[in-house]
Amino acid sequence: MALSDAELKELIKQLARTVGLDLTDDRVERDLVAFKTHLAAIERIRSVALPIEAEPFVTLKR
Amino acid sequence: MDLTRRDFLAAAAALPIAQAVKPAAVADLAYLSLTDAAALIKNRKLSPVELTQAMLDRIDRLDARVGAFITVTRDEALRAARAADQEIARGMYRGPLHGIPFGVKDTHYTRGIRTTANTPVLLDFVPDFDATVVARLKAAGGVLVGKLKLPEFSFGSAGEGGAFPDAKNPWNLARTPGGSSSGSAAALAAGLLTVATGGDTSGSIRNPATFCGVVGMKPTYGRVSRHGIVVISWSLDHVGPMTRTVANNALLLNAIAGHDPADDTSSSLPVPDYTRALRRGVRGSRIGIPKPPQLDGYHPDVVRAFQTAIDVFKRLGASVAEVDLPAAADVIDDVQAIVRIAEAASYHEPFLAAKAERYGTTNVRRDVEAGSLVTAVQYLRAQKVRAAFTTELAGVFRPIDVFLTPGMPAPAGEPTSATQPFRRMFNACGFPALVLPMGFSTSPPGLPLGLQIAAKPFDEEAIYAAAQAFESATEWHAKRPGLAAE
(Lines give C-alpha, C1' and ligand atoms only; values in the text may rest on other atoms or scores of the structure.)
Protein backbone atom coordinates (compact mmCIF):
# COMPACT_ATOMS: atom_id res chain seq x y z
CA MET A 1 0.00 0.00 0.00
CA ALA A 2 2.02 2.95 -1.27
CA LEU A 3 0.22 5.89 0.29
CA SER A 4 2.12 9.06 1.01
CA ASP A 5 2.31 10.43 4.55
CA ALA A 6 -0.12 13.16 3.56
CA GLU A 7 -2.60 10.57 2.27
CA LEU A 8 -2.14 8.45 5.38
CA LYS A 9 -2.75 11.44 7.65
CA GLU A 10 -5.98 12.25 5.80
CA LEU A 11 -6.98 8.60 6.07
CA ILE A 12 -6.28 8.61 9.82
CA LYS A 13 -8.32 11.76 10.32
CA GLN A 14 -11.37 10.45 8.44
CA LEU A 15 -11.20 6.90 9.80
CA ALA A 16 -10.91 8.29 13.33
CA ARG A 17 -14.12 10.25 12.83
CA THR A 18 -15.93 6.99 12.00
CA VAL A 19 -14.91 5.59 15.41
CA GLY A 20 -15.80 8.73 17.33
CA LEU A 21 -12.32 10.22 17.59
CA ASP A 22 -12.02 13.85 16.52
CA LEU A 23 -8.24 14.05 16.12
CA THR A 24 -6.44 17.35 15.82
CA ASP A 25 -3.70 17.72 13.20
CA ASP A 26 -1.18 17.44 16.03
CA ARG A 27 -2.68 14.13 17.20
CA VAL A 28 -2.76 12.82 13.62
CA GLU A 29 0.92 13.71 13.26
CA ARG A 30 1.74 11.86 16.49
CA ASP A 31 -0.41 8.83 15.63
CA LEU A 32 1.04 8.45 12.12
CA VAL A 33 4.10 6.43 13.17
CA ALA A 34 1.97 3.94 15.11
CA PHE A 35 -0.53 3.72 12.25
CA LYS A 36 2.26 2.91 9.79
CA THR A 37 3.68 0.30 12.16
CA HIS A 38 0.27 -1.37 12.36
CA LEU A 39 -0.16 -1.30 8.56
CA ALA A 40 3.25 -2.92 8.09
CA ALA A 41 2.35 -5.65 10.58
CA ILE A 42 -1.01 -6.21 8.87
CA GLU A 43 0.72 -6.57 5.50
CA ARG A 44 3.09 -9.21 6.89
CA ILE A 45 0.15 -11.07 8.40
CA ARG A 46 -1.65 -10.98 5.05
CA SER A 47 1.32 -12.81 3.50
CA VAL A 48 0.42 -15.97 5.45
CA ALA A 49 -1.70 -18.27 3.30
CA LEU A 50 -4.79 -19.59 5.04
CA PRO A 51 -7.40 -22.12 3.89
CA ILE A 52 -10.95 -20.81 3.54
CA GLU A 53 -11.88 -23.04 6.47
CA ALA A 54 -9.53 -21.17 8.84
CA GLU A 55 -11.27 -19.99 11.99
CA PRO A 56 -10.20 -17.12 14.24
CA PHE A 57 -10.41 -18.91 17.61
CA VAL A 58 -9.02 -22.08 19.17
CA THR A 59 -9.64 -23.66 22.56
CA LEU A 60 -6.62 -24.74 24.59
CA LYS A 61 -6.75 -28.37 25.61
CA ARG A 62 -4.57 -30.22 28.09
CA MET B 1 18.37 -23.42 50.73
CA ASP B 2 14.69 -24.21 50.26
CA LEU B 3 13.15 -27.02 52.27
CA THR B 4 11.46 -29.71 50.25
CA ARG B 5 7.81 -30.14 51.02
CA ARG B 6 8.63 -33.42 52.81
CA ASP B 7 11.31 -31.73 54.93
CA PHE B 8 8.99 -28.86 55.71
CA LEU B 9 6.22 -31.13 56.89
CA ALA B 10 8.59 -33.29 58.91
CA ALA B 11 10.12 -30.25 60.59
CA ALA B 12 6.73 -28.77 61.32
CA ALA B 13 5.57 -31.97 62.94
CA ALA B 14 8.73 -32.59 64.93
CA LEU B 15 9.37 -29.20 66.47
CA PRO B 16 7.45 -28.15 69.58
CA ILE B 17 5.63 -24.84 69.51
CA ALA B 18 8.35 -22.49 70.68
CA GLN B 19 8.50 -18.97 71.97
CA ALA B 20 9.43 -16.48 69.31
CA VAL B 21 13.19 -16.14 69.28
CA LYS B 22 15.26 -13.11 68.36
CA PRO B 23 14.78 -12.63 64.61
CA ALA B 24 17.63 -13.07 62.20
CA ALA B 25 19.34 -10.01 60.73
CA VAL B 26 17.08 -7.86 58.61
CA ALA B 27 18.96 -8.72 55.41
CA ASP B 28 18.46 -12.42 56.14
CA LEU B 29 14.74 -11.85 56.65
CA ALA B 30 14.58 -9.84 53.46
CA TYR B 31 15.79 -12.73 51.35
CA LEU B 32 14.02 -15.54 53.21
CA SER B 33 12.34 -17.87 50.76
CA LEU B 34 8.61 -18.44 51.08
CA THR B 35 9.16 -22.03 52.21
CA ASP B 36 11.72 -21.08 54.87
CA ALA B 37 9.63 -18.16 56.12
CA ALA B 38 6.53 -20.37 56.23
CA ALA B 39 8.32 -22.99 58.32
CA LEU B 40 9.59 -20.38 60.78
CA ILE B 41 6.18 -18.70 61.04
CA LYS B 42 4.28 -21.94 61.51
CA ASN B 43 6.63 -23.01 64.27
CA ARG B 44 6.47 -19.59 65.93
CA LYS B 45 10.20 -18.99 65.39
CA LEU B 46 9.33 -15.85 63.45
CA SER B 47 6.26 -13.68 63.71
CA PRO B 48 4.48 -12.23 60.67
CA VAL B 49 4.77 -8.84 62.34
CA GLU B 50 8.58 -9.17 62.61
CA LEU B 51 8.87 -10.25 58.98
CA THR B 52 6.49 -7.57 57.70
CA GLN B 53 8.17 -4.83 59.76
CA ALA B 54 11.56 -5.93 58.45
CA MET B 55 10.26 -5.60 54.90
CA LEU B 56 8.74 -2.18 55.60
CA ASP B 57 11.99 -0.98 57.20
CA ARG B 58 13.97 -2.21 54.21
CA ILE B 59 11.52 -0.54 51.82
CA ASP B 60 12.02 2.71 53.75
CA ARG B 61 15.80 2.39 53.38
CA LEU B 62 16.10 1.19 49.79
CA ASP B 63 12.99 1.92 47.72
CA ALA B 64 13.89 5.58 47.20
CA ARG B 65 16.68 4.20 45.00
CA VAL B 66 14.98 1.10 43.55
CA GLY B 67 11.57 2.71 42.99
CA ALA B 68 9.68 -0.59 43.00
CA PHE B 69 6.56 0.67 44.80
CA ILE B 70 3.77 3.04 43.82
CA THR B 71 1.88 2.54 47.09
CA VAL B 72 3.16 0.96 50.30
CA THR B 73 0.19 -0.27 52.33
CA ARG B 74 1.98 0.10 55.64
CA ASP B 75 -0.98 0.25 58.05
CA GLU B 76 -2.93 -2.46 56.28
CA ALA B 77 0.16 -4.68 56.17
CA LEU B 78 0.83 -4.42 59.89
CA ARG B 79 -2.85 -4.96 60.66
CA ALA B 80 -2.89 -8.10 58.51
CA ALA B 81 0.39 -9.29 60.00
CA ARG B 82 -0.99 -8.90 63.57
CA ALA B 83 -4.16 -10.75 62.58
CA ALA B 84 -2.08 -13.54 61.07
CA ASP B 85 0.04 -13.71 64.22
CA GLN B 86 -3.04 -14.04 66.41
CA GLU B 87 -4.63 -16.67 64.20
CA ILE B 88 -1.49 -18.78 64.14
CA ALA B 89 -1.12 -18.45 67.91
CA ARG B 90 -4.66 -19.88 68.23
CA GLY B 91 -3.67 -22.82 66.02
CA MET B 92 -5.53 -21.55 62.95
CA TYR B 93 -2.73 -21.96 60.44
CA ARG B 94 -3.98 -21.42 56.88
CA GLY B 95 -0.99 -22.71 54.98
CA PRO B 96 2.39 -21.62 53.62
CA LEU B 97 1.25 -18.12 52.66
CA HIS B 98 -0.05 -17.29 56.12
CA GLY B 99 1.76 -14.20 57.38
CA ILE B 100 3.86 -13.84 54.23
CA PRO B 101 4.47 -10.33 52.81
CA PHE B 102 3.39 -10.01 49.17
CA GLY B 103 3.06 -7.25 46.60
CA VAL B 104 0.96 -6.99 43.47
CA LYS B 105 1.40 -5.10 40.22
CA ASP B 106 -0.55 -1.84 40.36
CA THR B 107 -2.99 -3.16 37.79
CA HIS B 108 -4.48 -5.53 40.35
CA TYR B 109 -7.58 -4.06 42.00
CA THR B 110 -7.22 -3.71 45.78
CA ARG B 111 -10.34 -2.75 47.70
CA GLY B 112 -10.02 0.67 49.25
CA ILE B 113 -6.46 1.14 47.95
CA ARG B 114 -5.74 3.16 44.83
CA THR B 115 -5.01 1.19 41.66
CA THR B 116 -3.33 3.56 39.27
CA ALA B 117 -1.77 1.44 36.51
CA ASN B 118 0.84 4.24 36.69
CA THR B 119 -1.34 6.56 34.61
CA PRO B 120 -2.75 9.99 35.44
CA VAL B 121 -5.99 8.65 33.91
CA LEU B 122 -6.47 6.35 36.93
CA LEU B 123 -4.58 8.31 39.57
CA ASP B 124 -7.71 8.72 41.70
CA PHE B 125 -9.19 5.28 41.04
CA VAL B 126 -9.94 3.35 44.23
CA PRO B 127 -11.63 0.01 43.52
CA ASP B 128 -14.36 -1.29 45.77
CA PHE B 129 -13.34 -4.91 45.33
CA ASP B 130 -10.17 -6.99 45.28
CA ALA B 131 -8.97 -8.71 42.14
CA THR B 132 -9.57 -12.44 42.48
CA VAL B 133 -5.81 -13.01 42.70
CA VAL B 134 -5.55 -10.52 45.57
CA ALA B 135 -8.56 -12.03 47.33
CA ARG B 136 -7.05 -15.51 47.10
CA LEU B 137 -3.72 -14.36 48.48
CA LYS B 138 -5.47 -12.61 51.38
CA ALA B 139 -7.65 -15.68 52.01
CA ALA B 140 -4.45 -17.72 52.22
CA GLY B 141 -3.29 -15.36 54.96
CA GLY B 142 -0.89 -13.30 52.88
CA VAL B 143 0.06 -9.80 54.02
CA LEU B 144 -0.35 -7.16 51.28
CA VAL B 145 2.63 -4.81 51.55
CA GLY B 146 2.09 -2.68 48.47
CA LYS B 147 1.31 -1.95 44.84
CA LEU B 148 4.15 -2.28 42.42
CA LYS B 149 5.55 -0.19 39.60
CA LEU B 150 4.85 -0.64 35.89
CA PRO B 151 5.01 1.58 32.79
CA GLU B 152 1.82 3.50 32.02
CA PHE B 153 -1.11 1.09 31.55
CA SER B 154 1.46 -1.77 31.33
CA PHE B 155 2.39 -0.68 27.81
CA GLY B 156 5.94 -1.51 26.92
CA SER B 157 8.66 -2.97 29.06
CA ALA B 158 9.74 0.18 30.88
CA GLY B 159 9.93 3.90 30.52
CA GLU B 160 9.19 7.25 32.05
CA GLY B 161 6.14 9.38 31.31
CA GLY B 162 3.54 7.74 33.53
CA ALA B 163 2.22 9.14 36.77
CA PHE B 164 5.29 7.90 38.69
CA PRO B 165 9.00 7.46 37.86
CA ASP B 166 10.25 4.17 36.46
CA ALA B 167 11.65 1.44 38.70
CA LYS B 168 15.37 0.64 38.59
CA ASN B 169 17.24 -2.64 38.24
CA PRO B 170 18.70 -3.58 41.67
CA TRP B 171 21.65 -5.27 39.93
CA ASN B 172 22.60 -1.97 38.30
CA LEU B 173 20.51 1.04 39.22
CA ALA B 174 21.40 2.72 35.92
CA ARG B 175 19.73 -0.14 34.03
CA THR B 176 16.12 -0.97 33.33
CA PRO B 177 14.48 -3.70 35.38
CA GLY B 178 12.44 -4.57 32.29
CA GLY B 179 8.68 -4.74 32.41
CA SER B 180 5.95 -4.26 32.45
CA SER B 181 5.96 -6.01 35.86
CA SER B 182 8.98 -3.85 36.65
CA GLY B 183 8.32 -3.21 40.32
CA SER B 184 7.43 -6.83 41.07
CA ALA B 185 10.76 -8.08 39.73
CA ALA B 186 12.79 -5.23 41.21
CA ALA B 187 11.21 -5.65 44.67
CA LEU B 188 11.99 -9.37 44.73
CA ALA B 189 15.58 -8.86 43.57
CA ALA B 190 16.11 -6.15 46.19
CA GLY B 191 14.64 -8.23 49.01
CA LEU B 192 11.69 -5.87 49.56
CA LEU B 193 9.06 -8.64 49.35
CA THR B 194 8.85 -12.39 49.84
CA VAL B 195 6.59 -13.00 46.82
CA ALA B 196 4.78 -10.96 44.18
CA THR B 197 2.40 -11.22 41.24
CA GLY B 198 2.68 -9.75 37.78
CA GLY B 199 0.88 -9.56 34.48
CA ASP B 200 2.12 -10.82 31.11
CA THR B 201 0.59 -9.79 27.76
CA SER B 202 3.76 -9.48 25.66
CA GLY B 203 6.33 -10.97 28.05
CA SER B 204 5.75 -8.65 30.99
CA ILE B 205 6.44 -11.23 33.70
CA ARG B 206 9.26 -12.99 31.86
CA ASN B 207 11.13 -9.90 30.64
CA PRO B 208 11.61 -8.30 34.08
CA ALA B 209 12.14 -11.70 35.73
CA THR B 210 15.03 -12.26 33.31
CA PHE B 211 16.52 -8.78 33.78
CA CYS B 212 16.24 -8.90 37.58
CA GLY B 213 17.35 -12.50 38.08
CA VAL B 214 14.14 -13.85 39.60
CA VAL B 215 11.59 -16.54 38.71
CA GLY B 216 8.47 -15.54 36.77
CA MET B 217 5.72 -17.82 35.47
CA LYS B 218 3.25 -16.91 32.77
CA PRO B 219 0.74 -19.74 33.28
CA THR B 220 -1.50 -21.18 30.60
CA TYR B 221 -4.14 -18.68 29.47
CA GLY B 222 -7.11 -19.20 31.75
CA ARG B 223 -5.15 -20.90 34.54
CA VAL B 224 -5.27 -17.76 36.72
CA SER B 225 -8.25 -15.41 36.87
CA ARG B 226 -8.00 -12.01 35.17
CA HIS B 227 -10.95 -10.61 37.15
CA GLY B 228 -10.14 -7.25 38.66
CA ILE B 229 -7.01 -6.55 36.62
CA VAL B 230 -6.61 -3.38 34.53
CA VAL B 231 -6.77 -4.72 30.99
CA ILE B 232 -4.38 -4.47 28.11
CA SER B 233 -5.87 -7.16 25.87
CA TRP B 234 -8.49 -9.63 27.06
CA SER B 235 -7.32 -12.57 24.97
CA LEU B 236 -3.60 -12.04 25.63
CA ASP B 237 -3.49 -10.95 29.28
CA HIS B 238 -2.11 -13.47 31.79
CA VAL B 239 -1.54 -13.12 35.54
CA GLY B 240 1.21 -15.09 37.24
CA PRO B 241 3.49 -15.62 40.24
CA MET B 242 6.91 -14.00 40.63
CA THR B 243 9.32 -15.26 43.28
CA ARG B 244 13.00 -15.81 44.01
CA THR B 245 12.90 -19.61 43.75
CA VAL B 246 11.10 -22.23 41.65
CA ALA B 247 9.57 -23.95 44.70
CA ASN B 248 8.15 -20.66 45.93
CA ASN B 249 6.71 -20.03 42.49
CA ALA B 250 4.92 -23.38 42.50
CA LEU B 251 3.51 -22.66 45.96
CA LEU B 252 2.25 -19.25 44.85
CA LEU B 253 0.62 -20.67 41.73
CA ASN B 254 -1.13 -23.24 43.94
CA ALA B 255 -2.71 -20.33 45.81
CA ILE B 256 -3.87 -18.22 42.87
CA ALA B 257 -4.76 -20.73 40.13
CA GLY B 258 -8.21 -22.11 39.51
CA HIS B 259 -11.58 -21.41 38.01
CA ASP B 260 -13.19 -18.09 38.86
CA PRO B 261 -16.93 -17.60 38.22
CA ALA B 262 -16.17 -13.91 37.74
CA ASP B 263 -13.84 -14.67 34.80
CA ASP B 264 -15.51 -16.70 32.06
CA THR B 265 -12.13 -17.31 30.40
CA SER B 266 -10.74 -19.04 33.48
CA SER B 267 -10.32 -22.78 33.13
CA SER B 268 -12.39 -25.33 35.03
CA LEU B 269 -9.58 -27.88 34.92
CA PRO B 270 -8.61 -28.99 38.43
CA VAL B 271 -5.51 -27.34 39.87
CA PRO B 272 -2.86 -29.90 40.77
CA ASP B 273 -0.42 -29.42 43.64
CA TYR B 274 2.40 -27.94 41.57
CA THR B 275 4.94 -28.63 44.32
CA ARG B 276 4.62 -32.36 43.67
CA ALA B 277 6.36 -31.84 40.34
CA LEU B 278 9.42 -30.34 42.01
CA ARG B 279 10.92 -33.72 42.89
CA ARG B 280 10.26 -35.27 39.45
CA GLY B 281 13.64 -34.47 37.91
CA VAL B 282 14.35 -34.54 34.18
CA ARG B 283 15.91 -37.95 33.68
CA GLY B 284 14.34 -39.31 30.50
CA SER B 285 12.66 -35.99 29.71
CA ARG B 286 12.53 -34.84 26.10
CA ILE B 287 13.63 -31.25 25.70
CA GLY B 288 13.21 -29.19 22.54
CA ILE B 289 15.43 -26.24 21.67
CA PRO B 290 15.37 -23.76 18.77
CA LYS B 291 17.50 -24.30 15.69
CA PRO B 292 20.70 -22.17 15.81
CA PRO B 293 19.64 -19.60 13.16
CA GLN B 294 16.76 -18.58 15.40
CA LEU B 295 19.30 -17.30 17.92
CA ASP B 296 20.94 -15.00 15.36
CA GLY B 297 21.41 -11.56 16.84
CA TYR B 298 21.42 -12.81 20.42
CA HIS B 299 24.08 -11.39 22.76
CA PRO B 300 27.13 -13.71 22.96
CA ASP B 301 26.81 -13.99 26.76
CA VAL B 302 23.20 -15.15 26.35
CA VAL B 303 24.15 -17.73 23.71
CA ARG B 304 26.99 -19.04 25.91
CA ALA B 305 24.83 -19.25 29.02
CA PHE B 306 22.03 -20.94 27.07
CA GLN B 307 24.40 -23.58 25.73
CA THR B 308 25.70 -24.16 29.26
CA ALA B 309 22.12 -24.55 30.47
CA ILE B 310 21.46 -27.14 27.76
CA ASP B 311 24.55 -29.03 28.91
CA VAL B 312 23.20 -29.03 32.48
CA PHE B 313 19.99 -30.69 31.31
CA LYS B 314 21.95 -33.28 29.35
CA ARG B 315 24.04 -34.07 32.44
CA LEU B 316 20.80 -34.46 34.40
CA GLY B 317 19.67 -37.15 32.00
CA ALA B 318 17.39 -35.32 29.60
CA SER B 319 17.49 -35.81 25.85
CA VAL B 320 17.72 -32.60 23.84
CA ALA B 321 16.75 -32.06 20.21
CA GLU B 322 16.24 -29.10 17.91
CA VAL B 323 12.66 -28.52 16.81
CA ASP B 324 11.08 -26.82 13.81
CA LEU B 325 8.69 -24.09 14.79
CA PRO B 326 5.62 -23.40 12.61
CA ALA B 327 6.31 -21.13 9.66
CA ALA B 328 3.93 -18.57 11.13
CA ALA B 329 6.44 -18.06 13.96
CA ASP B 330 8.00 -15.46 11.66
CA VAL B 331 4.90 -13.26 11.90
CA ILE B 332 3.56 -14.25 15.31
CA ASP B 333 4.90 -11.07 16.92
CA ASP B 334 2.97 -9.05 14.31
CA VAL B 335 -0.12 -11.16 14.98
CA GLN B 336 0.17 -10.58 18.72
CA ALA B 337 0.74 -6.87 18.18
CA ILE B 338 -2.41 -6.38 16.07
CA VAL B 339 -4.62 -8.46 18.35
CA ARG B 340 -3.21 -6.62 21.35
CA ILE B 341 -3.63 -3.10 20.05
CA ALA B 342 -7.13 -3.67 18.64
CA GLU B 343 -8.32 -5.10 21.97
CA ALA B 344 -6.48 -2.40 23.91
CA ALA B 345 -8.11 0.28 21.79
CA SER B 346 -11.51 -1.17 22.62
CA TYR B 347 -10.70 -1.17 26.35
CA HIS B 348 -9.45 2.43 26.13
CA GLU B 349 -12.50 3.68 24.22
CA PRO B 350 -14.12 5.29 27.30
CA PHE B 351 -10.81 6.84 28.41
CA LEU B 352 -10.19 8.32 24.95
CA ALA B 353 -13.74 9.67 24.92
CA ALA B 354 -13.65 11.34 28.34
CA LYS B 355 -10.05 11.61 29.60
CA ALA B 356 -7.82 11.79 26.53
CA GLU B 357 -5.92 14.80 27.82
CA ARG B 358 -5.03 13.01 31.06
CA TYR B 359 -2.79 10.36 29.52
CA GLY B 360 0.87 10.62 30.47
CA THR B 361 3.64 11.51 28.08
CA THR B 362 4.23 7.91 27.00
CA ASN B 363 3.10 6.44 23.67
CA VAL B 364 -0.01 4.82 25.12
CA ARG B 365 -2.49 7.39 23.82
CA ARG B 366 -0.80 7.43 20.41
CA ASP B 367 -0.86 3.64 20.17
CA VAL B 368 -4.49 3.17 21.22
CA GLU B 369 -5.69 5.99 18.96
CA ALA B 370 -3.95 4.31 16.03
CA GLY B 371 -5.19 0.92 17.25
CA SER B 372 -8.75 2.22 17.10
CA LEU B 373 -8.37 2.25 13.30
CA VAL B 374 -7.60 -1.48 12.93
CA THR B 375 -10.57 -2.92 11.10
CA ALA B 376 -12.52 -5.97 12.21
CA VAL B 377 -11.36 -7.89 9.16
CA GLN B 378 -7.71 -7.04 9.88
CA TYR B 379 -8.15 -8.12 13.52
CA LEU B 380 -9.83 -11.39 12.52
CA ARG B 381 -7.15 -12.12 9.94
CA ALA B 382 -4.60 -11.87 12.72
CA GLN B 383 -6.75 -14.12 14.90
CA LYS B 384 -6.95 -16.75 12.15
CA VAL B 385 -3.16 -16.84 11.81
CA ARG B 386 -2.93 -16.97 15.60
CA ALA B 387 -5.27 -19.98 15.76
CA ALA B 388 -3.40 -21.79 12.99
CA PHE B 389 -0.06 -21.13 14.72
CA THR B 390 -1.42 -22.38 18.04
CA THR B 391 -2.69 -25.62 16.49
CA GLU B 392 0.62 -26.20 14.71
CA LEU B 393 2.65 -25.43 17.83
CA ALA B 394 0.62 -27.96 19.79
CA GLY B 395 1.80 -30.50 17.23
CA VAL B 396 5.43 -29.38 17.62
CA PHE B 397 5.17 -29.74 21.39
CA ARG B 398 3.49 -33.16 21.31
CA PRO B 399 6.74 -35.21 21.23
CA ILE B 400 8.57 -33.04 23.77
CA ASP B 401 8.08 -32.32 27.45
CA VAL B 402 9.44 -28.77 27.53
CA PHE B 403 10.91 -26.23 25.11
CA LEU B 404 13.91 -24.14 26.18
CA THR B 405 14.94 -20.71 24.96
CA PRO B 406 16.84 -17.81 26.46
CA GLY B 407 14.62 -15.51 28.53
CA MET B 408 15.69 -12.42 26.59
CA PRO B 409 18.06 -11.93 23.61
CA ALA B 410 20.36 -9.56 25.53
CA PRO B 411 21.02 -8.36 29.10
CA ALA B 412 19.09 -5.42 30.50
CA GLY B 413 19.52 -2.30 28.39
CA GLU B 414 21.78 -3.88 25.78
CA PRO B 415 20.82 -3.56 22.11
CA THR B 416 19.84 -6.60 20.08
CA SER B 417 19.17 -7.41 16.44
CA ALA B 418 17.42 -10.69 17.28
CA THR B 419 14.33 -11.30 15.16
CA GLN B 420 12.85 -14.12 17.27
CA PRO B 421 12.72 -13.35 21.01
CA PHE B 422 10.32 -16.29 21.78
CA ARG B 423 8.32 -14.01 24.02
CA ARG B 424 5.06 -12.76 22.46
CA MET B 425 4.46 -16.15 20.84
CA PHE B 426 3.59 -17.66 24.22
CA ASN B 427 1.03 -14.95 24.83
CA ALA B 428 -0.40 -15.51 21.37
CA CYS B 429 -0.79 -19.27 21.84
CA GLY B 430 -1.45 -19.16 25.60
CA PHE B 431 0.98 -21.99 26.41
CA PRO B 432 2.70 -21.70 29.81
CA ALA B 433 6.26 -20.35 30.04
CA LEU B 434 8.53 -19.62 33.00
CA VAL B 435 11.89 -17.89 33.28
CA LEU B 436 14.52 -18.45 35.94
CA PRO B 437 18.12 -17.30 36.39
CA MET B 438 20.76 -18.97 34.18
CA GLY B 439 23.81 -16.80 34.69
CA PHE B 440 25.26 -13.33 34.48
CA SER B 441 26.65 -11.23 31.66
CA THR B 442 30.36 -10.51 31.31
CA SER B 443 30.08 -7.66 28.82
CA PRO B 444 28.76 -5.58 30.49
CA PRO B 445 29.47 -7.48 33.72
CA GLY B 446 27.01 -8.58 36.35
CA LEU B 447 23.61 -8.41 34.67
CA PRO B 448 21.26 -11.42 35.14
CA LEU B 449 20.51 -13.76 32.27
CA GLY B 450 17.40 -15.90 32.17
CA LEU B 451 16.31 -19.29 30.84
CA GLN B 452 12.78 -19.69 29.51
CA ILE B 453 11.02 -23.06 29.83
CA ALA B 454 7.74 -23.52 27.95
CA ALA B 455 5.35 -26.46 27.76
CA LYS B 456 2.02 -27.69 26.47
CA PRO B 457 -1.22 -26.07 27.70
CA PHE B 458 -1.90 -26.74 31.38
CA ASP B 459 1.40 -28.62 31.81
CA GLU B 460 2.95 -26.19 34.28
CA GLU B 461 4.07 -29.31 36.15
CA ALA B 462 6.54 -30.22 33.37
CA ILE B 463 7.93 -26.70 33.58
CA TYR B 464 8.33 -26.82 37.36
CA ALA B 465 10.02 -30.22 37.17
CA ALA B 466 12.57 -28.93 34.66
CA ALA B 467 13.04 -25.59 36.39
CA GLN B 468 13.59 -27.17 39.82
CA ALA B 469 16.08 -29.65 38.38
CA PHE B 470 18.02 -26.81 36.76
CA GLU B 471 17.88 -24.57 39.83
CA SER B 472 19.07 -27.39 42.10
CA ALA B 473 22.04 -28.04 39.80
CA THR B 474 23.10 -24.38 39.64
CA GLU B 475 23.77 -21.45 42.00
CA TRP B 476 22.39 -18.50 40.04
CA HIS B 477 19.24 -18.09 42.12
CA ALA B 478 21.30 -17.67 45.31
CA LYS B 479 23.13 -14.55 44.10
CA ARG B 480 22.07 -11.16 45.45
CA PRO B 481 22.57 -7.64 44.09
CA GLY B 482 25.09 -5.57 46.00
CA LEU B 483 22.73 -2.86 47.21
CA ALA B 484 24.47 -0.71 49.83
CA ALA B 485 23.10 -0.19 53.35
CA GLU B 486 21.72 -3.73 53.63
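So that the names make sense, note that chain A is the first sequence line, chain B the second, and so on, each numbered from 1.
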Considering only heavy atoms, which portion of [X] lies under 4.5 Å from any heavy atom of chain B: side chain, backbone, both, or neither?
{"X": "Leu32(A)", "result": "neither"}
{"X": "Val33(A)", "result": "side chain"}
{"X": "Lys61(A)", "result": "backbone"}
{"X": "Ile12(A)", "result": "both"}

**Request:** Evaluate the criterion side-chain hydrogen bond (donor to acceptor under 3.5 Å, both in side chains) for residue pair Gln383(B) and Tyr379(B); output intermediate values, then yes/no.
**Result:** CA-CA 6 Å; Gln383(B) 288 283 48; Tyr379(B) 168 79; 2.9 Å; yes
Given heavy-atom pairs under 4.5 angstrom as the criterion, report whether the side chain, backbone, both or neither of [X] touches chain A.
{"X": "Ser372(B)", "answer": "both"}
{"X": "Thr220(B)", "answer": "side chain"}
{"X": "Ala388(B)", "answer": "side chain"}
{"X": "Arg386(B)", "answer": "neither"}
{"X": "Leu269(B)", "answer": "side chain"}

**Asked** Does a donor on one side chain sit under 3.5 Å from an acceptor on the other, for Gln14(A) and Arg17(A)?
**Response**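 The answer is yes; a qualifying pair exists.
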**Request:** Would you kindly say whether Arg226(B) and Thr265(B) are connected by a side-chain donor-acceptor distance under 3.5 Å?
**Result:**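 Distance-only check passes for Arg226(B) and Thr265(B).
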**Message:** A side-chain contact here means heavy atoms from C-beta on lying under 4.5 Å apart; do Val323(B) and Phe403(B) qualify?
**Reply:**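 Answer yes - side chains close enough.
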**Prompt:** Any idea how Phe153(B) and Phe351(B) line up, ring-wise: parallel (<30°), tilted (30 to 60°), or perpendicular (>60°)?
**Reply:**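 It falls in the tilted class, 30° to 60°.
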**Request:** Select, from Ala382(B), Ala370(B), Cys429(B), the one with the greatest count of heavy-atom pairs under 4.5 Å involving chain A.
**Result:**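 With the most close heavy-atom pairs to chain A, the winner is Ala370(B).
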**Prompt:** Using a cut-off of under 4.5 Å for heavy-atom pairs, which of Asp459(B), Leu352(B), Ile341(B) has the most such pairs with chain A?
**Reply:**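 Top option by heavy-atom pairs under 4.5 Å: Ile341(B).
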**Request:** Run the numbers on Ser267(B) and Arg62(A) for side-chain hydrogen bond (donor to acceptor under 3.5 Å, both in side chains), then give the verdict.
**Result:** CA-CA 11 Å; Ser267(B) 171; Arg62(A) 186 178 170 90; over 6 Å; no
**Request:** Determine the sole option in Arg206(B), Lys218(B), His238(B) for which the side chain to side chain donor-acceptor pair (under 3.5 Å) test with Asp200(B) is passed.
**Result:**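 Going through the options one by one, the only one that passes is Arg206(B).
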**Prompt:** Does the salt bridge (charged side-chain N to carboxylate O under 4.0 Å, His left out) test come out yes or no for Asp5(A) and Lys36(A), once each step is laid out?
**Reply:** CA-CA 9 Å; Asp5(A) 279 5; Lys36(A) 288 164 82 170; 2.9 Å; yes
